[in-house]
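Right, one structure below, let's go through it.
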Amino acid sequence: MDARNFTFMFYGFLAAWLIVLLYVISLARRGARLNRELEQVKQLIGADRASEPARLEDRSR
Amino acid sequence: MRDKFVVALAVAAGVLLAFNLYRIFLVLPDEALQGAIYRIIFFHVPAAITGMIGYFAALLLSLAYLSFGNFRYDSLAASVVEVSVVFSVVNIVTGSIWARVIWGIWWTWDYRLTSALVCVLIFSGYLMLRRAIDEPTQRARLSAALCVFGCIDVVIVWKSIEWFRTQHPGPVLSIRTGGGRIDPAMEQMLYLNFAAILMIAIALVLIRTRQEATAREIDSLRRIANAA
Amino acid sequence: MPQAIELDRLWKFYGDYPALRDLSLNIAQGACCALLGRNGAGKTTLLRILAGLSPFQRGTVRVCGESPRSEKARRLNGFLGHGIGVYEDLSGLENLTFFARVAGIERPASASAHWLERVGLARAASMPVRQFSRGMRQRLALARAFLHAPSVLLLDEPFTALDDRAIAMLTELLTEARRRGATLVLSTHQLREALAIASHVALIENGRLCYAGERTGDMLEDPALLYRLYTKLGAA
Amino acid sequence: MKSLAQALSVARKDLAIELRTKESINAAGAFAVVILLLFSFAFDPGADATREIGGGLLWLVFAFAGALIFNRGFARELPNDCLDTLLSSAVSGASLLLGKSFANLLMLLAVEFLSLFVFGIFYDVRWWLRPLELAALCVLATWGISVIGAVFGALTVNLRLRELMLPVIIYPLLIPLLIAAIEITNALFSNRPLGSYELLWGRVLLVFDIVFTALAMALAETILVN
């Protein structure tokens, strides 16, 4: 392979995949955060709405 | 079902990409004038086309949201724009590195470069606007309006700058030139890598759309909690 | 009797959350309908939809037979929300003249002067609203809302925060409007005052219509009756 | 015709308020003058250099000063819920946007006029050589900026970080218009006859104005009512 501009080609590929990789990581983190928030809100509503079953669980402990 | 589809798509994209990379680095010969660096084209051009397809899809999806008011279009538009911006950035960065070697400069106000940059700026604004609005219906309407303005602006930029300066290599794909500008093996490689990158983009869009739906669910549950 | 306001299976969503759910309600021309319900029940949302300030997702809404965003509906309605809806840096006369002009009233300046007289602000006509007292602002807001002789009046909590003189004036204006056949829709917490002038009531809870019908003598005697009978809160 | 009259009433009302408070004009005018002074002081350009960069400098200053004006345009309607009052009145969304665009246009033109004087003094450029062409250019380009400013002023009026979001959104959109205005201005300042190159850019300006005015009118209800 031609060595003249091999390093720049390497940088190019590195940069391209680094950008995509960073995006995938941010996507994964956002997904995790959203799932956590969803659980929180569901609990909040669960405590409000169906207070009866929540109390039963407490007693069983 | 949908999860499995996303995983299958990602795996297929990965396999195709591995095969492509093997061919790009080890099978294809160097280009006569440019040497090794020309290989960037296999990511540069597919990323650009993926971005363009994405913006066009976002325009259609925004118009669809404005006409039918279905949130599915809004979520898809937002996801498509986000992924397109990522690939546009890949396009610009790889292009810039290539230009540094071949033209000796990182940047020039060529019409393709300008319109690519304007796209990234406008649609970054779109993504920021979405973050700044909390109420999902308002967010969907306003960002759809911005998307329409943005896409039309990109067309105006493209058309206006096209009349004037250009330094960028002309079209190489046979569908635009009628053939003869590029070695058939390389052209085939371009299409194969375009397929791989498009598959990755679609998988990302599907994941992102799911997140949009989750975010909307969280919002509506919060409203229920507040109302109770 | 023709209907001034027709709601048919109206749904309004914020994202996936339905703020108004399957609301069907007709208000006849000349009626005065009091919208009752707790905070966040959807009264304001409904009034904003009727005023053409808020889009809705499903169902149909007709104000004077037209969509609430149509020019005819906007011309015929008068909306009095929480804010007074006048510009601080313009004088009383300039404010009214501006609204008269955009409403297409002939000779806007003299109509505005007449209205200033009517709400007792003639002497403050050229004073900027910034320097008005609270009561003066409220009366100017009333003049602004009634200036174009609206045939559907949409009032969001009209009696809260008004001083005595403004309440007296509002009551007078409402009575006069009803006499010329205008339809009134008002949302309120102050049950007694609202029930006294209402001919009909509509009770909304959680975006759902729980009760709609004529205001009866029982309600006047016992304002909380409706809540007890028709809402979950009352039942508990 | 009636909607045009309504638009003019809205513009007239805005200008009356502006003449009384001078909020936007003062801020935008002071900003434009300060930037022009700072730039002249930082680079001390000679006459030739100024003719090269003059158009670019001026139009950037106009665009930045414009953002200050556009931010206030709809924010002026927020106290006392005036925006709700206007939207529920007989004024259609399109008339309201058109009226705001007229008001934006006149205020920005005033700031441009002031800036040109300052520019002429500190940069020694004889900008008045081609007054008619310059005026036509200013009106055409400023109309495009004003429409975009009115649309996105309305779109961002209820947002957190309104002052920040507006420039982030409008500057990328204004790029084709600004390039066109800069190219033509540079030709006018160096007193070159306008050739086919400049006329092509003039065409870009015209297309921009027409397309975005039409689009703004079409999407006015979507943007304002939500």
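Naming convention: chains lettered A, B, ... in sequence-line order (proteins, then strands); numbering from 1 in each chain.
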For [X], does the [atom1] atom sit with more than 12 other heavy atoms under 6.0 Å from it, leaving out its own atoms?
| X | atom1 | value |
| --- | --- | --- |
| C/R123 | CZ | no |
| C/Q131 | CD | yes |
| D/E163 | CD | yes |
| D/R12 | CZ | no |

Given heavy-atom pairs under 4.5 angstrom as the criterion, report whether the side chain, backbone, both or neither of D/S92 touches chain C.
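Answer is both: backbone and side chain atoms of D/S92 are under 4.5 Å from chain C.
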Would you say C/L90 and D/I17 make side-chain contact, with heavy atoms under 4.5 Å?
yes
I'd like to check D/D14 versus C/Y87 (side-chain heavy atoms, cut-off strictly below 4.5 Å). Are they in contact?
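Counting from C-beta outward, D/D14 and C/Y87 never come under 4.5 Å.
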Hey, mind stepping through D/L86 and C/F98 against side chain to side chain contact (heavy atoms under 4.5 Å, CB included) and telling me if it holds?
CA-CA 10 Å; D/L86 263 187; C/F98 167 65; 3.8 Å; yes
Any idea which heavy atoms bring [X] and [Y] closest together, and the distance?
| X | Y | value |
| --- | --- | --- |
| D/S9 | C/V102 | CB-CG1, 3.9 Å |
| D/A90 | C/E71 | O-CG, 4.3 Å |
| D/D84 | C/R48 | OD2-NH1, 2.8 Å |
| C/V86 | D/C82 | O-SG, 3.3 Å |

Rounded to the nearest 0.5 Å, how far does OG1 of D/T85 lie from CZ of C/R144?
4.0 Å
Identify which of C/A51, C/P55, C/S54, C/A73 forms the greatest number of heavy-atom pairs closer than 4.5 Å to chain D.
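Among the listed options, the one with the most contacts to chain D is C/P55.
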Are the side chain of C/R74 and the backbone of D/S88 linked by a donor-acceptor contact shorter than 3.5 Å?
no
Say whether, by atom type as modelled, one donor and one acceptor occur between the side chain of D/N80 and the main chain of C/I84 under 3.5 angstrom.
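No, the answer is negative, given that no donor and acceptor are paired below the 3.5 Å cut-off.
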Would C/E94 and D/R20 satisfy side chain to side chain contact (heavy atoms under 4.5 Å, CB included), going step by step from the backbone distance to the final call?
CA-CA 13 Å; C/E94 285 167 326; D/R20 209 152 295 170; 2.7 Å; yes
Going by an N to O cut-off under 4.0 Å, is there a salt bridge joining D/R76 and C/E88?
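Here D/R76 does not pair with C/E88 in a salt bridge, since their nearest N and O are not under 4.0 Å apart.
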Which one of D/Q6, D/E77, D/K13 has the most heavy-atom pairs closer than 4.5 Å to chain C?
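Among the listed options, the one with the most contacts to chain C is D/K13.
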